[in-house]
Amino acid sequence: MSKKHPIISVVGSSGAGTSTVKNTFDQIFRREGIKAVSIEGDAFHRFNRADMKAELENRYRAGDQGFSHFSFEANELGELERVFRDYGETGKGKTRHYVHDDIEAERYGTAPGHFTDWADFEGGSDLLFYEGLHGCVVNDAVDLAGLADLKIGVVPVINLEWIQKIHRDRAQRGYSTEAVTDVILRRMHSYVNCIVPQFSQTDINFQRVPVVDTSNPFIARWIPTPDESLVVIRFKNPRGIDFPYLTSMISGSWMSRANSIVIPGNKQDLAMQLILTPLIERLVREAKRA
Ligand SMILES: Nc1ncnc2c1ncn2[C@@H]1O[C@H](COP(=O)(O)OP(=O)(O)O)[C@@H](O)[C@H]1O
Ligand SMILES: O=C(COP(=O)(O)O)[C@H](O)[C@H](O)COP(=O)(O)O
């Protein structure tokens, strides 16, 4: 846990919505005058696209059906832990970008399926913001959750997550529904063993639940909209959370458990601002005092 240089870690599976949630954090940082440096989790993949394809084929031939981008050994988690630890101690560190598609290729000047060079974080930041697949991993080799000061899970119910991934990968990455379905199936073992356990480490989970039929996510013509969903917000430690304030400020919200509030899907942005702003402000205030 770093105080002088706090770390916020937002974790979610592929297609869960962590990049989308980053937009809300950016709004809070902008409004509060907070300078954040950020890491996209894909930057710590171990292989580029071609090498990953070869690694997958080798492992399949060796009988390892469970290997995928979600697997610990497909990512440089030891390196990520070093970046978290160094940042927590010094406010310094480095990252890179994994280029998924032509838009990102244009932005970073690197071909899709490849990494940009490592680059140091800008100096003078107030905090480090991580969003991606593995920011709260705790296993025999690393304890990333222990180094993050605020841990957020983005965990839509699985049928919705699959709809979101299929639509995003078709629209932005040029994959077919069949190809994305194959990736979903292939990643099931590592999803259960590497991604899901993190959501027990997080401080707050945002779970979007559609209130329209998603029985067959592989034929959904569009992603259920915020108006077509609810969001369950669960607090690992509800002490200190002003639930009466939240339910009074978020119309249509209610408490489903002593540590969980349910809100209309179109109030997620408002809820995140109301909940996260004071938590982020406190992290930065304590950092300045440290
Ligand atoms: N709260 C939401 N409501 C509606 N669509 C969403 C929501 N969050 C994410 N999406 C959509 O789901 C897809 C995946 O989101 P993205 O942020 O790219 O996921 P990730 O970065 O976790 O892989 C995108 O098409 C995005 O627009
Ligand atoms: O799924 C993820 C996680 O990222 P996200 O959360 O953005 O989905 C991988 O980064 C891509 O699948 C890389 O594979 P590819 O080389 O096929 O892009």
Side-chain angles (χ1 to χ4, degrees), residues 9-26 38-56 67-71 74-76 96-105 110-115 129-135 152-176 179-184 186-188 190-191 194-195 198-199 206-212 214 217 220 222-233 263-272:
S9 185
V10 175
V11 294
S13 182
S14 177
T18 56
S19 309
T20 303
V21 156
K22 181 177 185 300
N23 300 335
T24 303
F25 275 89
D26 286 342
S38 61
I39 289 178
E40 295 159 4
D42 310 345
F44 287 82
H45 284 333
R46 174 157 294 158
F47 307 101
N48 66 30
R49 188 171 290 171
D51 294 346
M52 181 61 172
K53 189 168 179 298
E55 181 69 13
L56 275 166
F67 183 73
S68 82
H69 278 104
F70 291 174
S71 307
N75 294 274
E76 302 289 3
R96 62 182 180 180
H97 297 278
Y98 177 89
V99 177
H100 290 95
D101 53 40
D102 293 338
I103 295 171
E104 292 178 359
T110 301
H114 291 274
F115 297 100
F129 179 84
Y130 169 100
E131 63 88 6
L133 299 171
H134 296 104
I152 307 292
V154 181
V155 206
V157 291
I158 197 65
N159 280 22
L160 174 57
E161 187 171 280
W162 288 349
I163 294 172
Q164 291 185 170
K165 177 169 178 61
I166 290 167
H167 280 254
R168 194 271 322 267
D169 284 2
R170 285 172 54 93
Q172 291 175 25
R173 299 182 184 176
Y175 292 118
S176 67
V180 184
T181 305
D182 174 58
V183 166
I184 288 171
R186 187 161 46 74
R187 291 177 169 182
M188 198 54 72
S190 45
Y191 174 76
C194 303
I195 304 295
Q198 298 177 93
F199 305 128
F206 290 86
Q207 179 153 63
R208 193 158 87 95
V209 182
V211 288
V212 291
T214 57
W222 64 77
I223 298 173
T225 64
D227 285 327
E228 294 174 333
S229 58
L230 296 171
V231 180
V232 177
I233 307 173
I263 67 169
N266 58 20
K267 294 285 190 296
Q268 177 167 333
D269 201 69
L270 170 65
M272 292 187 74

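All ligand and atom numbering here is 1-based and tracks the order in the structure. Every value quoted in this text rests on a predicted model; they were computed, and no experiment measured them.
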Run down the list Lys53, His114, His100 and name the one with the heavy atom closest to atom 11 (C) of ligand 2. His100
Ligand 2 versus Thr18: contacting region, heavy-atom distance under 4.0 Å: neither
Quick test: of every protein heavy atom, which one is nearest to atom 6 (C) of ligand 1, and how far off is it to 0.1 Å? Gln164 OE1, 3.6 Å
Atom 21 (O) of ligand 1: which protein heavy atom is closest, and how many Å away? Ser19 OG, 2.5 Å
How does Ala171 reach ligand 1, if at all, at less than 4.0 Å between non-hydrogen atoms: by side chain, backbone, both, or neither? neither
Taking C-beta and beyond as the side chain, do Val21 and Glu131 meet within less than 4.5 Å on heavy atoms? no
Can you confirm whether the side chains of His97 and Glu40 place a donor and an acceptor under 3.5 Å from each other? yes
Set of residues satisfying side-chain hydrogen bond (donor to acceptor under 3.5 Å, both in side chains) with respect to Gln172, sequence neighbours excluded: none
Taking a cutoff of less than 4.0 Å between a non-hydrogen atom of the residue and any ligand atom, is Ser13 in contact with ligand 1? yes
Which protein non-hydrogen atom lies closest to atom 16 (O) of ligand 2, naming both residue and atom, and how far is it? Tyr98 OH, 2.4 Å
Main chain of Ser71, side chain of Arg187: is a donor-acceptor contact present, judged purely on distance under 3.5 Å? no
Does Ala16 offer a backbone N or O that forms a donor-acceptor pair with the side chain of Ser13 under 3.5 Å? no
For ligand 2, which atoms, with element, lie under 4.0 Å from some heavy atom of Asp42? 3 (C), 4 (O), 7 (O), 10 (O)
Compare Val11, Thr20, Asn23 and give the one whose heavy atom is closest to atom 27 (O) of ligand 1. Thr20
Keeping the roles fixed (side chain from Arg96, backbone from Ala43), state whether a donor-acceptor pair exists under 3.5 Å. yes
May I ask you to decide if the ring planes of Phe25 and Phe129 are parallel, tilted or perpendicular, using 30° and 60° as cut-offs? tilted
Can you find a pair of side-chain heavy atoms, one from Val209 and one from Leu160, that are under 4.5 Å apart? no
Below 4.0 Å from any atom of ligand 2, is there a heavy atom belonging to Tyr175? yes
Without swapping roles, check the side chain of Asp169 against the backbone of Val180 for a donor-acceptor pair under 3.5 Å. no
Please list the nearest protein heavy atom to atom 7 (O) of ligand 2 with its residue and the distance rounded to 0.1 Å. Arg173 NH2, 2.6 Å
Is there a side-chain contact between Leu56 and Phe67 in this structure, where contact means two heavy atoms from C-beta onward sitting under 4.5 Å apart? yes
Regarding Ser68 and Arg186, is there a side-chain donor-to-acceptor distance under 3.5 Å anywhere? no
For the residue pair His45 and His69, categorise the inter-ring angle as parallel (less than 30°), tilted (30 to 60°) or perpendicular (more than 60°). tilted
When you look for heavy atoms under 4.0 Å from ligand 1, do you find them on the side chain of Arg208, its backbone, both, or neither? side chain
For atom 14 (O) of ligand 2, grab the closest protein heavy atom and report residue, atom and distance to one decimal in Å. His69 CE1, 3.3 Å
Shortest protein heavy-atom distance from atom 8 (O) of ligand 2, along with the residue and atom involved: Ser14 OG, 2.5 Å
Could you tell me whether some N/O pair between Gly15 and ligand 1 is separated by less than 3.5 angstrom? yes
Considering only heavy atoms of Leu133, which atoms of ligand 2 have at least one such atom less than 4.0 Å away? 3 (C)
Could you say whether the N/O atoms of Arg168 and ligand 2 ever approach to under 3.5 Å? yes
Any side-chain heavy-atom pair of Arg46 and Glu55 under 4.5 Å: no
Can you sort out which atoms of ligand 1 are near Thr18, meaning under 4.0 Å from one of its heavy atoms? 17 (O), 19 (O), 20 (P), 21 (O), 22 (O)
Donor-acceptor under 3.5 Å (Gln198 side chain, Ile195 main chain): yes
Identity and distance of the protein heavy atom lying nearest atom 19 (O) of ligand 1: Gly17 N, 3.1 Å
Students should be able to answer this: which protein heavy-atom is nearest to atom 18 (O) of ligand 2, and at what distance? Arg49 NH2, 3.0 Å
Just by distance, do the side chain of Glu228 and the backbone of Pro210 share a donor-acceptor pair under 3.5 Å? no
Hey, is Met52 one of the residues with a heavy atom under 4.0 angstrom from ligand 2? no
re atom 12 (O) of ligand 2, the protein heavy-atom contact at minimum distance is Arg187 NH2, 2.9 Å
Looking only at distances, can you tell me whether any N or O atom of Ile223, backbone or side chain, sits closer than 3.5 Å to an N or O atom of ligand 1? no
Would you say Arg168 and ligand 1 have an N/O pair spaced under 3.5 Å apart? yes
Do any heavy atoms of His45 fall under 4.0 Å from ligand 2? yes
